[in-house]
Amino acid sequence: MTETMLDVKKLANYINGEWVDVEGETAPVINPATGETLLEVPLSDKTAVDHAVEAAKQAQKEWALVPAPQRAEILYEVGHIMKERKEKLAYLLTLENGKVLEEARGEVQEGIDMAFYMAGEGRRLFGQTTPSELQNKFAMSVRAPIGVVGIITPWNFPIAIATWKSFPAIVAGNAVVWKPATETPIMAYELAKIFEEAGLPKGVINVVFGSGSTVGDAMVHHEDIRVISFTGSNETGRNIAAECGRQLKKVSLEMGGKNAVIVMDDADLDLAVEGIIWSAFGTSGQRCTACSRVIVHEDVKETLEERLLHAMEQLTIGNGTDESVRVGPIINEAGINKIKKYIDIGKEEGAKLLAGGYEMTEGDYGKGYFFAPTLFTDATIDMRIAQEEIFGPVVSLIPVKSFEEAIEANNSVSYGLSSSIFTKDVNRVFKAQRDLDTGIVYVNAGTTGAEIHLPFGGTKGTGNGHRDSGVQALDVFTEWKAVYVDYSGKLQRAQIDTE
Ligand code: NAP
C-alpha cells in the first residue's frame, strides 16, 4: 500500500451524482504522522449547500417510494464493496487520521457491519399493529422518512460515524447532505465513490466539503434540512441544538466523554491493565469513549500504578502505517496544545505525574504530532483533569475507599458516555450496571469497543437523548405515523362511541 492510492490531488463535492469542482479556497489535508500534505480539500461556500439540498430534496421524493427492501439492496452492495476495499480504506484512514492500521481496519469493519445490519432493516423497519377500541377499525403505526437530513461528522472516526448516520437515514427513505470534518475528508470521498458504484440514485447522498462555520452552519440554518445528526464537541453541539430548537428542527447530538475505568480491590489486575492501556492510549486517546480516568480502590492502587507503568513502557509510538506501532499521532497542533495545557493544569492542581507529559519532537517524531502516553496519579474528582475532556493519551488515577465512592466518582462529571468496572463480585456488577450514569457500561473490559447493533450514545452532557447505531438510530431518521382504517362504513368517534 502506498500514498499513490490517492487518485486525486484536490477533492470535489459530490452533488446530485456528479463530482463538482469547487473554485476558490482550499485547505491541505495533512498526514499527522509525517506532516506531509496528502491532498487539498475545497472550502465550499453556502451555495454548494443550497445545491446539495435541492438535489437531495428532488431525489428524496422518488427514493421514499422505492420499497425499503430494494433500498436495502444498495446497502448490501455498499457493504460488499467496502469489504473488498477494506485494506485500501484502512490505509487511507491511517494516512489522514493517524490511527494505527489495526484500529483503522476495525473502524472500516464497523462500517461494513453497519451496512449489512441496516440493509437487514430494509426487510424490517418494524411498526406496530394494535387493536382499535372500536369495532371494524384497524390501527397501526408505521415509520415514515423525514426528508432531507444533514449529517455533520468529526475527524476521529471519519468513516464509522458516517455509516452510523447515513445508512439508517438512507434505508429509511431519506436523502442526505453530509459535511465531513475538514481534517479527514478522504474517507468521505471514498465512501461517496462506493455509493456511486453501488448504484445509489443521484442526489440520495451528497457530500459538501468545507468548514463547520460555513458549510455546517449553512446546513443547520437551511430550512429544507429537517434533521441534523451531529457528532463532535460539546460546544459546537450546543450551538447547533440552539438553532435547531429555534426552527423546531430535529437534532441528534453525540458529543464528548470523560470516561472512567473502575478497578475494585478484587479485580483481575492484569486484565484491568490491558483494558486501561487499550482504552486510554488506543487512537492516542482521541476517542469519545477513551478512558481518561481510572478510579481505583486504594488497596490495589500501588500495584496498579506499577503494572500500568510497566505496560506503558512497552507501547511503541510512531507512524500508524508501521504494523508494529501501537500508538499513533495526535490529529494536529491544536490537539497537541490542548493536551499540553491540561498537563500544566494537572501539575498545578497537585496531581502527581508518573509518566509522559511531553510532546515527542526528536527525530521523525518532530515531523508529525506525537505526545507521550501520560499517567497522573492522586487526582481528585474536583480537578479539571478529572472533569474535562482532554482528547489525548492522558489518564488520571483517582484513588477511592469503597465501591460506593467509586460509583459517585464516576458520576461526578458532566458527561455520561461510557464507563467500566473490573470486579469479580457479581453483586457489584449488577449494582454498577444500574448505578453508573452512562449510556454504555462495560464489565471487565475497557471503556471502548461498541458493537453496531447496540445503541451508541450517552447521558447528561454527552448528548440529547438520541442514539447512533443500533435499531434506535432509525428513530432519528423517521417519524412515527399512526394510521387508522375504519371499515365499519359509519362514523365511529374514538372515546365517544365505545360503549
Ligand atoms: P467539532 O469541532 O465540534 O467538529 C465536529 C464537526 O462539526 C466537524 O465536521 C466540524 O467541521 C463541524 N463544525 C464545527 N463548527 C460547526 C458549526 N458552527 N456548525 C456546524 N458544524 C460545525 O469536534 P471535533 O473536535 O472535530 O471532534 C472531537 C469531538 O467529538 C470530541 O469532543 C469527541 O468526544 C466528540 N466525539 C463524540 C462522539 C460520540 O459519539 N459521542 C464520537 C466521536 C467524537 P470542521 O472541523 O470541518 O470545521
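No experiment lies behind these values; they were computed from the predicted model shown. Counting starts at 1 for both ligands and their atoms, following the listed order.
Within the cation-pi definition used here (under 6.0 Å to the ring centroid, within 45° of the axis), Lys99 qualifies as a partner of Phe157. Within the cation-pi definition used here (under 6.0 Å to the ring centroid, within 45° of the axis), Arg287 qualifies as a partner of Trp278.
In summary, the atoms of ligand 1 found under 4.0 Å from a heavy atom of Thr182, numbered by their order in the structure, are 45 (P), 47 (O). Near Ala181, the atoms of ligand 1 lying under 4.0 angstrom from a non-hydrogen atom of the residue are 9 (O), 47 (O). Those atoms of ligand 1 with a heavy atom of Phe230 less than 4.0 angstrom away are 3 (O), 5 (C), 6 (C), 7 (O). Near Thr153, meaning under 4.0 Å from one of its heavy atoms, ligand 1 places the atoms 6 (C), 8 (C), 9 (O). Under a 4.0 Å criterion applied to the non-hydrogen atoms of Cys288, ligand 1 contributes the atoms 34 (O), 36 (N), 37 (C), 38 (C), 39 (C), 40 (O), 41 (N), 42 (C), 43 (C), 44 (C). Annotation for ligand 1: atoms under 4.0 Å from non-hydrogen atoms of Ile152 are 6 (C), 7 (O), 9 (O), 12 (C), 20 (C), 21 (N). Shown in contact with Asn156 at under 4.0 Å from a heavy atom are these atoms of ligand 1, numbered in order with element: 43 (C), 44 (C).
Of the protein's non-hydrogen atoms, the one nearest atom 27 (O) of ligand 1 is Pro154 CB, 3.6 Å. Protein heavy atom in closest approach to atom 11 (O) of ligand 1: Lys179 NZ, 3.1 Å. With hydrogens left out, the protein atom closest to atom 35 (C) of ligand 1 is Gly232 O, 3.2 Å, a heavy atom. Nearest to atom 17 (C) of ligand 1 among the protein's heavy atoms is Gly212 O, 3.4 Å. The protein heavy-atom contact nearest to atom 32 (O) of ligand 1 is Glu389 OE1, 2.7 Å.
Ligand 1 has at least one atom lying under 4.0 Å from a heavy atom of Ile161. Residue contacts with ligand 1 leave out Asn239, since none of its heavy atoms falls under 4.0 Å from the ligand. The closest approach between any non-hydrogen atom of Gly210 and ligand 1 is below 4.0 Å. The closest approach between any non-hydrogen atom of Phe157 and ligand 1 is not below 4.0 Å.
Checked by distance only, ligand 1 and Ser213 stay at 3.5 Å or farther apart across all their nitrogen or oxygen atoms. Close N/O approach between Trp155 and ligand 1 is found [any backbone or side-chain N/O within under 3.5 Å]. On a distance-only criterion, Met255 and ligand 1 share at least one N/O pair closer than 3.5 Å.
There is no protein heavy atom less than 4.0 angstrom from atom 4 (O) of ligand 1.
In summary, Lys340 and Asp344 do not engage in a salt bridge, as defined by a charged side-chain N under 4.0 Å from a carboxylate O.
Counted within 6.0 Å of CD on Glu197, heavy atoms from surrounding residues, nucleotides or ligands total more than 12; the atom is thus considered enclosed. Environment of NZ in Lys338: crowded, with over 12 heavy atoms of neighbouring residues, nucleotides or ligands closer than 6.0 Å.
Formation of a donor-acceptor pair under 3.5 Å by the Ser284 side chain with backbone atoms of Ile330 is not found in this model. Checking side-chain atoms of Asn31 against main-chain N and O of Gly98 turns up no donor-acceptor pair under 3.5 Å.
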Give the intermediate values and the outcome of salt bridge (Lys or Arg N to Asp or Glu O under 4.0 Å) for residues Lys193 and Glu190.
CA-CA 5 Å; Lys193 282 199 293 185; Glu190 292 294 328; 3.4 Å; yes
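With a 4.0 Å heavy-atom cut-off, ligand 1 is reached by the backbone of Thr231 and by its side chain too.
Residues Ile398 and Arg293 approach most closely at CD1-CD, 4.0 Å, considering heavy atoms.
For the side-chain hydrogen bond (donor to acceptor under 3.5 Å, both in side chains) condition, the pairs that include at least one residue of residues 328-337, sequence neighbours left out, are Glu183-Asn332.
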